[in-house]
Amino acid sequence: MNEKQVEQAFRTAQQRYSEIGVDVDAALELLSCVALSIQCWQGDDVGGFETPEAALEGGGIAVTGNHPGKARTIDELQADLERALSLVPGGHRVNLHAMYGDFRGERVDRDQIRPEHFAGWVDWAEGLGIGLDFNATCFSHPLAEGGFTLSSPDERVRRFWIEHVQRCREIGAWLGDKLDTPCVHNLWIPDGTKDLTVSRLAHRELLKTSLDEIYAVKHPAEQLRDAVESKLFGLGSESFVVGSYDFYLAWAAANSAMLCLDMGHFHPTESVADKLSALLPFLPELLIHVSRGVRWDSDHVVLYGDELRELMLEIVRARALGRVYLALDFFDGSINRIGAWVIGARATLKALLFALLEPTDQLREIERNGELFARLGLLDEMKLMPLGAVWDYFCLKSDVPPAEQWIDSVREYERSILSQRG
């Protein structure tokens, strides 16, 4: 498909959308302003760059697959991210975990990390003109082995993790200041039990006490945004998760904090899309971790589908693009990791474009008139509108390969770069 063909198809699609009252140019302008937060941990299977003896101590995040070529150093990870970003239209961000600092071979424990360990990431981000987000790393550590971190009844363990998260928030604020764009710091902890426990309230009271202490320290909003992330269950916490949805919803509402909704962290029949309109009247901002669960919270690579479209439709219908942050959160070591990034990011943006091209005002008018068959009919017909032609045009104007043409770029990178890694 050449440039002329893409533009011809776009003009036809633009006319078709205009017939139902949709301004395609306005939709593309909005889409170009959306910055996804691209997760660094897809590139190295959530390994990080702490010293080898520290890596994955205490159990880490389960990543399946052993596709050749995963990043082994910060330089390799940054090069891989650059290739992925070059194939995703628009301007985006990169999301770091605390274990991805440049520790220069030294054993720096989590309660001792400092901004200087991320100075290289700032230089790299400045060179690309992008922002950085940040996450405390409360797993893969000996003091997480007992199953509890911020909710641990062991005061020594709890103090360690409080100090870690406080330092991560300081680093996040420093990143936001250096890059002149607010850094979203997200907190997820693995705390819970494999089987039944009788001390649920005690653990949750400890977590609340820890959070209250951590977030008592305020950072300027133009530097840092704070989010807390819940989970339904996890490996080793099948029966009890301290930081449940109900717990974090109550805490976030009481503290005007951002709630993080991970698309894989709920019961399979729950709709994350439906939660948005229930939360936005009460919370100033939301963070969405865009993921795809297969039978459980499996963090599969995101694909363009009904669940993702419904989420984006609710964001757009609520006029909440300025209040909802979008971050990718999946990791698959069984396929080309750069390809995984690109598939997930492009799928997310396609779903958002679909939502931006909905004739929402017309649908609301039909709804007010009680023509429920017409509402349902138009919603269904929208699925066959020429979205692909508009998407290809957006890619073309962003100097990114349209349609499937990006796949060859990833293949070439695998042949020339990834295949050379031991």
Side-chain angles (χ1 to χ4, degrees), residues 37-58 60-61 63 69-86 92-144 160-161 163-188 219 223-224 327-329 331 333 337-338 341 417-418 420-422:
S37 191
I38 311 295
Q39 78 288 25
C40 74
W41 50 92
Q42 163 60 43
D44 78 326
D45 302 346
V46 202
F49 300 116
E50 295 172 314
T51 55
E53 62 271 19
L56 296 185
E57 285 183 347
I61 300 294
V63 180
K70 76 174 181 179
R72 302 161 299 180
T73 67
I74 291 177
D75 287 343
E76 288 182 351
L77 182 58
Q78 290 174 345
D80 293 353
L81 280 162
E82 287 180 36
R83 177 54 64 102
L85 289 167
S86 74
H92 304 290
R93 307 168 63 85
V94 166
N95 202 2
L96 301 176
H97 246 285
M99 61 182 178
Y100 284 83
D102 185 1
F103 303 111
R104 302 185 184 279
E106 296 182 12
R107 180 70 180 264
V108 179
D109 214 343
R110 303 270 175 85
D111 64 342
Q112 298 298 315
I113 60 172
R114 301 182 298 277
E116 66 191 61
H117 297 125
F118 298 88
W121 282 104
V122 168
D123 292 341
W124 176 76
E126 284 180 329
L128 295 179
I130 64 173
L132 294 174
D133 296 315
F134 205 70
N135 302 260
T137 306
C138 297
F139 53 86
S140 301
H141 191 279
L143 292 182
F160 175 89
W161 290 112
E163 179 67 24
H164 171 64
V165 180
Q166 287 174 328
R167 286 176 176 252
C168 287
R169 293 182 67 237
E170 291 171 4
I171 291 168
W174 178 80
L175 293 172
D177 180 53
K178 287 291 185 180
L179 296 171
D180 198 28
T181 176
C183 170
V184 176
H185 175 267
N186 183 55
L187 175 64
W188 173 80
H219 295 279
Q223 295 177 4
L224 187 72
L328 305 185
D329 189 7
F331 31 88
R337 294 169 183 82
I338 291 86
W341 266 320
I417 303 296
L418 301 183
Q420 307 304 312
R421 296 177 184 171

Exercise: identify the closest heavy-atom pair between [X] and [Y]:
X	Y	answer
Gly47	Tyr100	N-OH, 3.4 Å
Asp111	Arg167	O-NE, 2.7 Å
Gly333	Arg337	O-NH2, 3.5 Å
Cys183	Gly172	CB-O, 3.2 Å
His117	Gln112	CE1-O, 4.0 Å
Cys168	Ala98	SG-CB, 3.8 Å

**OP:** Could you please spell out the steps behind the side-chain hydrogen bond (donor to acceptor under 3.5 Å, both in side chains) verdict for Asp109 and His141?
**Re:** CA-CA 9 Å; Asp109 214 343; His141 191 279; 2.7 Å; yes

Original post:
What do you reckon, is CG of Asp123 surrounded by more than 12 foreign heavy atoms closer than 6.0 Å?
Top reply: yes

Original post:
So does Gln420 have more than 12 non-hydrogen atoms from other groups sitting under 6.0 Å from CD?
Top reply: yes

May I ask you to test the [X]-[Y] pair for a side-chain heavy-atom distance under 4.5 Å?
X	Y	result
Phe134	Leu224	no
Ile74	Trp121	yes
Phe103	Thr51	no
Glu170	His219	yes
Arg72	Asp44	no

Mark yes or no for whether [X], through its side chain, and [Y], through its backbone, hold a donor-acceptor pair below 3.5 Å.
X	Y	value
Arg110	His164	no
Trp341	Asp80	no
Ser37	Arg93	no
Thr181	Gly131	no

**OP:** Just do the side-chain contact (heavy atoms from CB on, under 4.5 Å) check on Ile338 and Leu418 with the steps written out, would you?
**Re:** CA-CA 10 Å; Ile338 291 86; Leu418 301 183; 3.7 Å; yes

Original post:
Can we say Glu116 and Arg114 salt-bridge, meaning some charged N sits less than 4.0 Å from an Asp/Glu carboxylate O?
Top reply: yes

Subject >> Phe139 ring center near His97 ring center (under 6.0 Å) >> reply: yes

Subject >> side-chain contact (heavy atoms from CB on, under 4.5 Å) evaluation trace for Trp188 with Asn135 >> reply: CA-CA 8 Å; Trp188 173 80; Asn135 302 260; over 6 Å; no

**OP:** Step by step, work out the side-chain hydrogen bond (donor to acceptor under 3.5 Å, both in side chains) result for Asn186 and Asp133.
**Re:** CA-CA 8 Å; Asn186 183 55; Asp133 296 315; over 6 Å; no

Original post:
How far apart are the C-alpha atoms of Leu132 and Lys178, what are their side-chain angles, what is the distance that settles it, and do they pass the side-chain contact (heavy atoms from CB on, under 4.5 Å) test?
Top reply: CA-CA 10 Å; Leu132 294 174; Lys178 287 291 185 180; over 6 Å; no

Original post:
So how far is it from Leu85 CG to Gln78 CD, rounded to the nearest 0.5 Å?
Top reply: 11.5 Å

Original post:
Taking atom CG of Leu77 and atom NZ of Lys70, what is their separation to the nearest 0.5 Å?
Top reply: 11.5 Å

**OP:** Would you please say whether a donor-acceptor pair under 3.5 Å links the side chains of Trp41 and Asn95?
**Re:** no

